[in-house]
Amino acid sequence: MSKQNLKPPRGTRDLYPEDQRFREWLFGHFREVAARFAFEEVDAPIVERASLFMRKAGEEIVDQLYHFELHGRHLALRPEMTPSIARMVMARAGGLRMPLRWFTVTQNWRYERMTRGRKREHYQWNMDIYGEPSVTAEAELIAAVTTLVDRVGLERDHVKIRVNSRSLLEASLRAGVLRDRPEVFEPLCVVIDKIEKIGADKVTDMLVDPAGAVQLDAASARDVVAMLEVKNLEDAVAAAPADSSAGSDLLRLWSLLSAYGIEDRVVFDASVVRGLAYYTGIVFEAFDTRGALRSICGGGRYDRLTETLGGPSIPAAGFGFGDVVIAELLADMNKLPELQHPVDDVVFAFDEAQRAAAIDVATRLRGAGHRVELVLGTPKLKRVITDADRDGVDTLWLVGPDEVERGVVKQRRLATGEESELPLDSFAVEPRG
RNA sequence: GUGGGCGUAGCUCAGUUGGUUAGAGCGCCGGAUUGUGAUUCCGGAGGUCGCGGGUUCGACCCCCGUCGUCCACCCCA
C-alpha cells in the first residue's frame, strides 16, 4: 500500500459530531421557519444535466461547474438549486395549485477559488414561490429571512437587507441611455454588481471601456453610476419612468414590510442588482451590518426563468441562504449555540452478570422514545457518572448485583443527585420524543 | 490566476543560528483501597515535524516542487 493523501479535497469539509450538531441545529431552524410560512420541502438530484446550468449563464459558470462526461452524457453537480426547482415546477405546471411555496436544504457545488465564506461545497436553504406576480411574494420571503435571523439568536441590528428593483433600473435605462441597446442591460448589471467592492470610479471606467461589454459614453456612464448611488426610496421612485410599475411595486413592498413590522430591517440600495442573470424585478440581499462578511443570503424575482428553459411563463421569486456565512457571523458575534450530545438516559451494569437486566432496562426506555446510552463495558461508576454529567444526561440507571438480587433498579437523577429504587420488571417509563 | 503568510501530538502553539532520545498547555487513557459527579496529585499513550525531491558528514530548520490553509488583489455568488 502506498501512502495516499487522506485530506478531503480542497474546499470541502469533514463534519465531526460537534460540526454536525451545529449543522443540524441550523437546518432545524431553516426547516422550522419554512414550516411556519407553510412552505413544503422538495429535493432533486445533486447531479443534473450540465445543460440545465449552462443554458443561460455563459462560460464563466461553465468553468465553475463540477462537470463530467459519462457514457456520452454531460452531467454536473448542481451549483445552485433554482434551475432544478424550475425544472420540477415546469414538469407539473398544469397540475400544481398556484401560488406554490417550496423550500429546499441542499448541498451545492462550485469549482472556484476560496475566500472567507466561500467554499467549493456548501449547503443552501432555498425558499421559492411560483405563480404569484405581486410583491406580496417578495415580502413573504424577506419576512422569512428576518425570522430566521431572529431565531438563530442574532440581534436585530446585526443583519439588514438591501433591496432594489432591477426593473426600476431597467425601465430608467431603456427610457434613456440604453434606448437603442436593451441587450446590454444584463452585462451592465454584472458590472455594477461590483460597485461595492471596486468603487464608483472603476465601475464608470468599465462602463465606458471600449473593449468592454457595455461601451457607454462618459456622460451616460456617470448618469448610470449616479442612479446607483441613490440610497433613498422616494428619490428612486421619483426618478422612475411614469410608464413603469417598478416604482409603485417598491412602495407597495415597503408598505407590506411595514405591516410585517420589519420596515426598519430593510434599506433601499440602488446598487444591489445581484450577479445572477435571471433576476427580473425586486432583488435583495442580507448582509452583516459591520460589513465584514459576504452576503448572508440573496434572492429576488425571476419571472422569465421557466420561459428561458423552454417552458410556460410562470412568475417566481425566491432566495438562497448559505450555511457558511451565517456560521461565521454567529461565531464573530459570539452567538454560536452550545450543543451537547443528546442523551436522555445512561444504563450501567456494574458487572457482566447484570448485562441482560441492563439491556432490558435500556430496551424499555428506548421503546418509550428515550435516547439511551447503554454502557458497553464495565468502567468504574465514577467514570460513568462524570461522563453522563458532561453529556447533560437526565437519568442514570444503575443495575448492580445488589439491585438485581433484590429485583430493583436504582435510578439517579444527575441534576439533583436524588436516587430512588424501582421494581426492575415493572417500573413506569415517562414517554418522550 | 498573481503576491504573501502559515503547515510540529486530537486541539492551540513553542522550539532548534543545521548536531545524539522533538516540548508545553488543554484534551485523551490509567491510578490515588472496597459501588457515586468537584478540585488536586501521580503516571501513561500519542508525532515518519503536510508530502516528495535536493544540498549536507548530519535537515523539523536551508533550497526546489507539490498538496492543504489563511490574507490581499482578481473574479464571482
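Quick caveat: nothing in here was measured; it's all calculated off a predicted structure. A, B, ... follow the sequence lines: proteins, then strands. Residue 1 opens every chain.
- The pair A:Asp19-A:Arg23 does not count as a salt bridge, with every side-chain nitrogen at least 4.0 angstrom from each carboxylate oxygen.
- Aromatic ring pairs are classed by plane angle as parallel below 30°, tilted from 30° to 60° and perpendicular above 60°; the pair A:Phe30 and A:Trp125 is parallel.
- Within 4.0 Å of A:Arg390, counting heavy atoms only, lie sugar-phosphate atoms of the nucleic acid but no base atom.
- Between A:Gln124 atom CD and B:C76 atom P there is a gap of 19 Å when expressed in whole angstrom units.
- Across all strands shown, A:Leu396 has no heavy atoms under 4.0 Å from either base or sugar-phosphate atoms.
- Contact annotation for A:Gly11: backbone-only contact, meaning every heavy-atom pair under 4.0 Å involves sugar-phosphate atoms and none involves a base.
- Rounded to an integer number of Å, the gap from A:Tyr16 OH to B:C28 P is 17 Å.
- Taking atom P in both B:A14 and B:A24, one finds a spacing of 16 Å when rounded to whole Å.
- Figure legend: A:Arg383 and A:Phe348 shown without cation-pi pairing, the cationic atom not lying both under 6.0 angstrom from the six-membered ring centre and within 45 degrees of its axis.
- Among the heavy atoms of the strands lying under 4.0 Å from A:Asp402 is at least one base atom, whether or not backbone atoms are also near.
- Ranked by how close their nearest RNA chain B nucleotide is to the 5' end, A:Ser295 and A:Gly400 are led by A:Gly400.
- Note: CZ (A:Arg294) to C1' (B:C76) measures 7 Å, nearest angstrom.
- A:Arg413 has no carboxylate O lying under 4.0 Å from a charged side-chain N of A:Glu419, or vice versa, which leaves the two without a salt bridge.
- The partner of B:C51 is B:G65, by the rule that a Watson-Crick or G-U pair needs both atom distances under 3.5 Å.
- When each of B:G35, B:G30, B:U69 is scored by its nearest atom to the side-chain atoms of A:Arg383, the top-ranked nucleotide is B:G30.
- Side-chain atoms of A:Tyr66 and A:Glu121 form no donor-acceptor pair, as typed in the model, at a separation below 3.5 Å.
- Side-chain atoms of A:Glu80 and A:Asn108 include no donor-acceptor pair closer than 3.5 Å.
- For the P atom pair drawn from B:G23 and B:C60, the interatomic distance equals 15 Å after rounding to whole Å.
- Note on A:Gly417: a base of the nucleic acid sits closer than 4.0 angstrom, heavy atoms only.
- Distances shorter than 4.0 Å separate none of the side-chain N or O atoms of A:Thr386 from OP1 or OP2 on B:U36.
- One interatomic measurement links the two molecules: CG of A:Asp387 to C1' of B:C28, which rounds to 11 Å at whole-angstrom precision.
- Computed from coordinates, the A:Glu328 CD to B:C70 C1' distance equals 12 Å when rounded to whole Å.
- In this structure, A:Arg162 is positioned above the aromatic face of A:Phe287, its NZ or CZ under 6.0 Å from the six-membered ring centre and within 45° of the axis.
- Across all strands shown, B:G58 has no partner, as no Watson-Crick or G-U wobble contact with both distances under 3.5 Å is found.
- The side chain of A:Arg10 sits closest to B:U69 out of B:U69, B:C28, B:G37.
- Nucleotides B:C63 and B:G4 place their P atoms 13 Å apart, quoted to the nearest Å.
- Atom name C1', nucleotides B:C11 and B:G46: the rounded distance is 13 Å, in whole Å.
- Closest approach to the A:Asp389 side chain among B:G35, B:G37, B:U69 is made by B:G37 (side chain taken as heavy atoms from C-beta onward).
- Taking atom C1' on both nucleotides, B:C70 is separated from B:G37 by 42 Å, rounded to a whole Å.
- Distance A:Trp397 CH2 to B:G37 P: 21 Å, rounded to the nearest Å.
- Between the side chain of A:Gln340 and the backbone N or O of A:Arg390, at least one donor-acceptor pair lies under 3.5 Å.
- Atom CZ in A:Arg120 sits roughly 13 Å away from atom C1' in B:C75 (whole-Å rounding).
- Partner assigned to B:C29 is B:G43, using Watson-Crick or G-U wobble distances below 3.5 angstrom.
- Rounded to whole Å, the distance from CD on A:Glu421 to P on B:U36 is 15 Å.
- Closest contact between the side chain of A:Lys382 and the listed nucleotides B:G35, B:G37, B:G68 involves B:G37.
- Spacing of P atoms, B:U66 relative to B:G25, comes out at 39 Å, to the nearest Å.
- Nucleotides B:G47 and B:U55 place their C1' atoms 26 Å apart, quoted to the nearest Å.
- Rounded to whole Å, the P atom of B:C57 lies 35 Å from the corresponding atom of B:G68.
- The residue A:Glu403 sits close to a base: some heavy atom pair falls under 4.0 Å.
- The partner of B:A14, taking Watson-Crick or G-U wobble pairs whose two distances both stay under 3.5 Å, does not exist in any strand shown.
- Counting distance only, with no hydrogens placed and no angle test, the side-chain atoms of A:Lys380 and the base atoms of B:U34 include no donor-acceptor pair under 3.5 Å.
- In this structure B:C75 sits in no base pair that meets the Watson-Crick or G-U test at under 3.5 Å.
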